[in-house]
Amino acid sequence: MGSYLNPGNFSFRGSLRSKIYVDKSELIAKTNEVLYTEQKYICVSRPRRFGKSMAANMLAAYYDRSENTEELFQNLSISKDRSYKENLNQYDVIKINMQEFLSMSETVEEMLQMLKDYLVSDFKEAFREIQFRDEKNLIQVMKDVFSYTRCPFVILIDEWDCLFREYKQNKEAQKKYLDFLRAWLKDKDYVALAYMTGILPIKKYGSHSALNMFTEYSMTNPREMAEYFGFTEVEVKKLCERFHRNFEETRAWYDGYELVTVDGEEKICYSMYSPKSVVDVMLSGVFDNYWNQTETYEALKSYIKLNFDGLKDAIIRMLAGERVQVNIGTFSNDMTSFQGKDDVLTLLIHLGYLSYHWPDKTVTIPNKEVSQEYINAISTMDWAEVTRSVEDSKMLLEALWNMDEKAVAAGIDKAHREISILQYNNENALSCTINLAFYFAREYYTIIRELPTGKGFADICFIPRKIHLDKPAVIIELKWDKTAQGAIRQIKEKQYVDALDEYRGELLLVGINYDKGTKMHTCVIEQMCKE
């Protein structure tokens, strides 16, 4: 029996022949490991732009016994694995895109009935010689087929969670869907492997999951699947060399997703890139926001405007480049059951709008592309003070380049007054204000907070990316209720400039102080040239 609704897996063949292909076939070896254990259920949840369908197509092409596909894999990594020959083209494969059935139906009952009818029809056509005991019962039909062929099924379900995204408020419809999947898949001899992909982790009901037989791999806990969630930094570097693109710029725009796995006692951290955006920039050569080709800022807007205590503060801090603590444990794995800001932030991780840093349990906005979506969303909300601060950051950066100390101090004063939601009581709060006030600097610079030096940490450094070397590097030292001149003195005495060992060119030393008495900022700027 061929892959359902995907005969011959030609979509995978097409991806192999496309201009951009990254060998992710080691994913098959990881999946094969499941076949050698009693655990045979995998659910992978990751953002839509992270190539879920391509992975499902690849698995279908590898496992499907209706066609010899060895030529597709003979030059890929999987061909060197011990399990390669044992599982190649050894199973009947059913591949389903749930979104197609949802789009063709009006209710969940109609969707499930259509799915069952189509599958049964496909079985009857493929196995005309079998006398089925109950042609209306999908489970019995699959039992009959397995009894006849003794060949178990690999069942691949793409967009498995689409019903939870379309029927957000319909708990009864969600429960019927989960009950169907459980009855169809759980503890069935005819299942060799059930592999589901989607955006959301499996929905929980109370303290139990209706699909508790699945091993889940997600953006918050990718485990040993981490390196297959997208393009790794090594792979992107190779693509940049191949297509003559600027890697530093690619990293600024599309990097930032941090996925961690554990090998023995060693933590391995992967810097993950969205395949969709990387492919687009490699082909076009234009560094731009490709997010809105799959999502619109309206989706983000609907979540960040929810009136949960601390949510707005968290978003502003992340726009300023800070990490925000999050508790992902209360998330109910749906798009409506929010108990507080942590549940909203956790959903944004799964949607790809935030990166989760597992070691310290924090979240950040991953890169320039995603940050622009936040700005787009905020610009249409009642967060006018944030929008003004971002717009004013262009003029503030110009004032910095012009070494206009009074204009820089005045610009920071304005940002402080307008973003009054931030508690302003120490140098960390001052640092957050400075980073948000200089938001536009990301157009030209790699911004490093607390850059380690030989004698301490420089508070903020702006290092121009290679295509913007006409701009000066900047070292900013912050003081709280002291003096801006003292900040400049500290930069020199602790030799912070030496930390920029590879940089050559114009350099601005900036001291900024906040006076608690006057509630005003002062700024001192000095220029030097690093030879």
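- Residues T197 and I42 form no side-chain contact, since every pair of their non-hydrogen atoms from C-beta on lies 4.5 Å or further apart.
- Put simply, the residue from S277, S284, S274 that forms a side chain to side chain donor-acceptor pair (under 3.5 Å) with Y290 is S284.
- Tested against F101, the residues M114, E110, Q113 include a single side-chain contact (heavy atoms from CB on, under 4.5 Å) partner, M114.
- Proximity of the aromatic rings of Y257 and Y356 is defined here by a centroid distance below 6.0 angstrom, and this criterion is not met.
- Side-chain contact between N212 and R182 is absent, with no heavy-atom pair separated by less than 4.5 Å.
- Only one option out of H244, R245, R242 pairs with M282 in a side-chain contact (heavy atoms from CB on, under 4.5 Å); it is R245.
- Residues Y63 and Y91 place their aromatic rings such that the two centres sit under 6.0 Å apart.
- Ring pair F123/F153: centre-to-centre distance below 6.0 Å.
- Side chain to side chain, N289 and K368 fail the donor-acceptor criterion of an N or O pair below 3.5 Å.
- With N97 as the partner, the side-chain contact (heavy atoms from CB on, under 4.5 Å) test is satisfied by one option alone out of I157, D158, L156, L102: D158.
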CA sep, side-chain torsions, deciding dist, call: Y41, F214, ring-ring contact (aromatic ring centres under 6.0 Å, His included): CA-CA 5 Å; Y41 300 93; F214 277 86; 5.3 Å; yes
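- In this pair, H350 and F331 present their aromatic rings parallel. The plane angle is below 30°, not in the 30 to 60° band.
- In this structure, the side chain of Q325 engages the main chain of K361 through a donor-acceptor pair within 3.5 Å.
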message: As a quick check of understanding, evaluate side-chain contact (heavy atoms from CB on, under 4.5 Å) for D187 and M213, giving each step before the final call.
response: CA-CA 9 Å; D187 299 328; M213 69 281 199; 5.9 Å; no
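- Scanning all heavy atoms of the two residues, the minimum distance from A314 to V324 falls at O-CG2, 3.7 Å.
- Looking only at side-chain heavy atoms (C-beta outward), V286 and D280 stay at 4.5 Å or farther from each other.
- The closest side-chain heavy-atom distance from F308 to Q339 is not below 4.5 Å.
- Within the cation-pi definition used here (under 6.0 Å to the ring centroid, within 45° of the axis), R150 qualifies as a partner of F146.
- Side-chain atoms of T69 do not come within 3.5 Å of backbone N or O of L72 as any donor-acceptor pair.
- Across all their heavy atoms, F132 and V145 have their closest contact at CE2-CG2, 3.7 Å.
- The heavy-atom pair separating R449 from A320 by the smallest distance is NH1-O, 4.2 Å.
- Checked options L345, L348, D313; the residue passing with M318 is L345 (criterion: side-chain contact (heavy atoms from CB on, under 4.5 Å)).
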field: Working for side chain to side chain donor-acceptor pair (under 3.5 Å), residues E86 and Y36
entry: CA-CA 11 Å; E86 295 177 54; Y36 297 120; 3.0 Å; yes
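- Aromatic pair W291/Y353: ring centres closer than 6.0 Å.
- Between I199 and R46 there is no side-chain heavy-atom pair separated by less than 4.5 Å.
- Between V191 and W184 the shortest side-chain heavy-atom distance does not fall below 4.5 Å.
- A 4.5 Å side-chain heavy-atom check between D92 and R65 finds at least one atom pair inside the cut-off.
- No donor-acceptor contact under 3.5 angstrom links the side chains of D343 and Y303, judged on distance only.
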